[in-house]
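To start, the structure itself, in structure tokens.
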Amino acid sequence: MKSGPWNTLLIRTPEGIAFSLPLAGPLTRFLAWGIDVAACLTGFMILGQIASVLMIISLDIANSLMMLAFFVLNLTYSMALEWLWRGQTLGKRVLGLRVMDVQGLRLHLSQVILRNLLRAVDLLPAFYLAGGLTLLLNRRNQRLGDIAANTVVVRARRLRQPDVEQIRPHKYNSFRAYPHLEARLRQRLAASEVAAIIQALLRREELEAEARVRLYAQMVEHVKTAVTFPEAATLGLNDEQYLRNVIDSLFRKALPPTSEKRLAAG
């Protein structure tokens, strides 16, 4: 990985595949944080209504539960959503932002926890002053929590329908027999991951044979961590064919069952 322009993160794999990701700016990140704060305040208001009922039973119990709920919600809101939504909170999702590893890899839970624990430092002395100044002076638009966790916040570009005719599988796509797994592929693979696979297939002739074999094998293993197709669907597939099937499954328009049967019959 190497740095591109101030507003872009350029990631280059050892095999020579390069792709860029637009970095989120200070204003957009601040607005996303504001939405998250509003979401937390709404949660506190709901908890306050519940606590008002508990006050009838015991004021001490109600106050204790409110303090505990405030602590848990404030600490775990961003952690839980960034982990479950793959780098997004409600605010980031609304504004199209995503947290990711600086190498373009999938986030680890330890990274999510660390960047959010250090949010308390970024907030000092008030209104994200420490984090905001660090972000403005950092080439990757990272706050202190991002630097420590080795993460960046990027603008999650919508995945457009590319011209994938030249990289479609040369024979019937065996993954079509498992539409629920194809749907899971669309849900779990990030746009940057799909873009990397497409570029690797489109530029296959630019790669040395040995490097291409290694890269395709790594990509297949990465896809398998998201979705595992049964052996009946992968039997006899080499890694390149496997990736072609993946792209076809992601971008192929749904066909009627009768059409699928005709294709399977050859």
Electrostatic pair E240:R204 at N-O distance under 4.0 angstrom: yes

Strictly distance-based, threshold 3.5 Å: is any side-chain N or O of [X] a donor or acceptor partner for the main-chain N or O of [Y]?
{"X": "E82", "Y": "M79", "answer": "no"}
{"X": "R155", "Y": "P22", "answer": "no"}
{"X": "T28", "Y": "A24", "answer": "no"}
{"X": "E206", "Y": "R203", "answer": "no"}
{"X": "R143", "Y": "R115", "answer": "yes"}

Within the structure provided, determine whether [X] and [Y] are in side-chain contact (heavy-atom separation under 4.5 Å).
{"X": "D36", "Y": "L90", "value": "yes"}
{"X": "F251", "Y": "V194", "value": "yes"}
{"X": "V246", "Y": "V227", "value": "no"}
{"X": "T234", "Y": "F175", "value": "yes"}
{"X": "R244", "Y": "L201", "value": "yes"}
{"X": "V102", "Y": "R140", "value": "yes"}
{"X": "S78", "Y": "T89", "value": "yes"}
{"X": "V223", "Y": "I197", "value": "yes"}

Going through the checks in order, is the salt bridge (Lys or Arg N to Asp or Glu O under 4.0 Å) test met by R212 and E208? CA-CA 6 Å; R212 183 172 67 236; E208 295 183 0; over 6 Å; no

Tell me whether [X] shares a hydrophobic cluster with [Y], the cluster being built from Ile, Leu, Val, Met, Phe, Trp, Tyr side chains joined at under 4.5 Å.
{"X": "L133", "Y": "L144", "result": "no"}
{"X": "V72", "Y": "L81", "result": "yes"}
{"X": "L117", "Y": "L73", "result": "yes"}
{"X": "I50", "Y": "I56", "result": "no"}
{"X": "F71", "Y": "I113", "result": "yes"}

Of L136, V153, L135, D146, which is the lone residue that meets side-chain contact (heavy atoms from CB on, under 4.5 Å) with N141? L135

Which pair of heavy atoms, one from [X] and one from [Y], lies closest together, and at what distance?
{"X": "E182", "Y": "N173", "value": "OE2-ND2, 4.3 Å"}
{"X": "A148", "Y": "L118", "value": "CB-CD1, 3.3 Å"}
{"X": "A177", "Y": "Y172", "value": "N-OH, 4.1 Å"}
{"X": "A226", "Y": "L189", "value": "CB-CD2, 4.2 Å"}
{"X": "W33", "Y": "R119", "value": "CD1-NH1, 4.3 Å"}
{"X": "G91", "Y": "Y77", "value": "N-OH, 4.4 Å"}

Output the distance between atom [atom1] ([X]) and atom [atom2] ([Y]), rounded to the nearest 0.5 Å.
{"X": "E193", "Y": "L185", "atom1": "CD", "atom2": "CG", "answer": "10.5 Å"}
{"X": "R184", "Y": "L181", "atom1": "CZ", "atom2": "CG", "answer": "5.5 Å"}
{"X": "T151", "Y": "L114", "atom1": "OG1", "atom2": "CG", "answer": "8.0 Å"}
{"X": "R29", "Y": "L27", "atom1": "CZ", "atom2": "CG", "answer": "12.0 Å"}
{"X": "L59", "Y": "S64", "atom1": "CG", "atom2": "OG", "answer": "9.0 Å"}
{"X": "Q88", "Y": "L95", "atom1": "CD", "atom2": "CG", "answer": "10.0 Å"}

Just checking F30: does its CZ atom have more than 12 heavy atoms from other residues, nucleotides or ligands closer to it than 6.0 angstrom? no

Decide side-chain contact (heavy atoms from CB on, under 4.5 Å) for L202 and I198; before the verdict, give the C-alpha distance in whole Å, the side-chain angles of both, and the deciding distance to 0.1 Å. CA-CA 6 Å; L202 288 174; I198 291 174; 3.6 Å; yes

Lys/Arg cation over aromatic F229: K224, 6.0 Å, 45° cone: no

Y242 and Y216: CA distance, side-chain angles, deciding distance, ring pair (Phe, Tyr, Trp, His ring centres under 6.0 Å) verdict: CA-CA 9 Å; Y242 191 105; Y216 287 177; over 10 Å; no

Go through the steps for N245 and S174 under the test side-chain contact (heavy atoms from CB on, under 4.5 Å), then give the verdict. CA-CA 8 Å; N245 280 6; S174 54; 3.6 Å; yes

Stepwise side-chain contact (heavy atoms from CB on, under 4.5 Å) check, K92 with R98: CA-CA 6 Å; K92 291 184 179 70; R98 185 183 299 275; over 6 Å; no

Does either side chain, that of Q111 or that of N150, offer a donor lying less than 3.5 Å from an acceptor on the other one? no

Yes or no on side-chain contact (heavy atoms from CB on, under 4.5 Å) for V99 and V152, after CA distance, side-chain angles and deciding distance? CA-CA 6 Å; V99 181; V152 290; over 6 Å; no

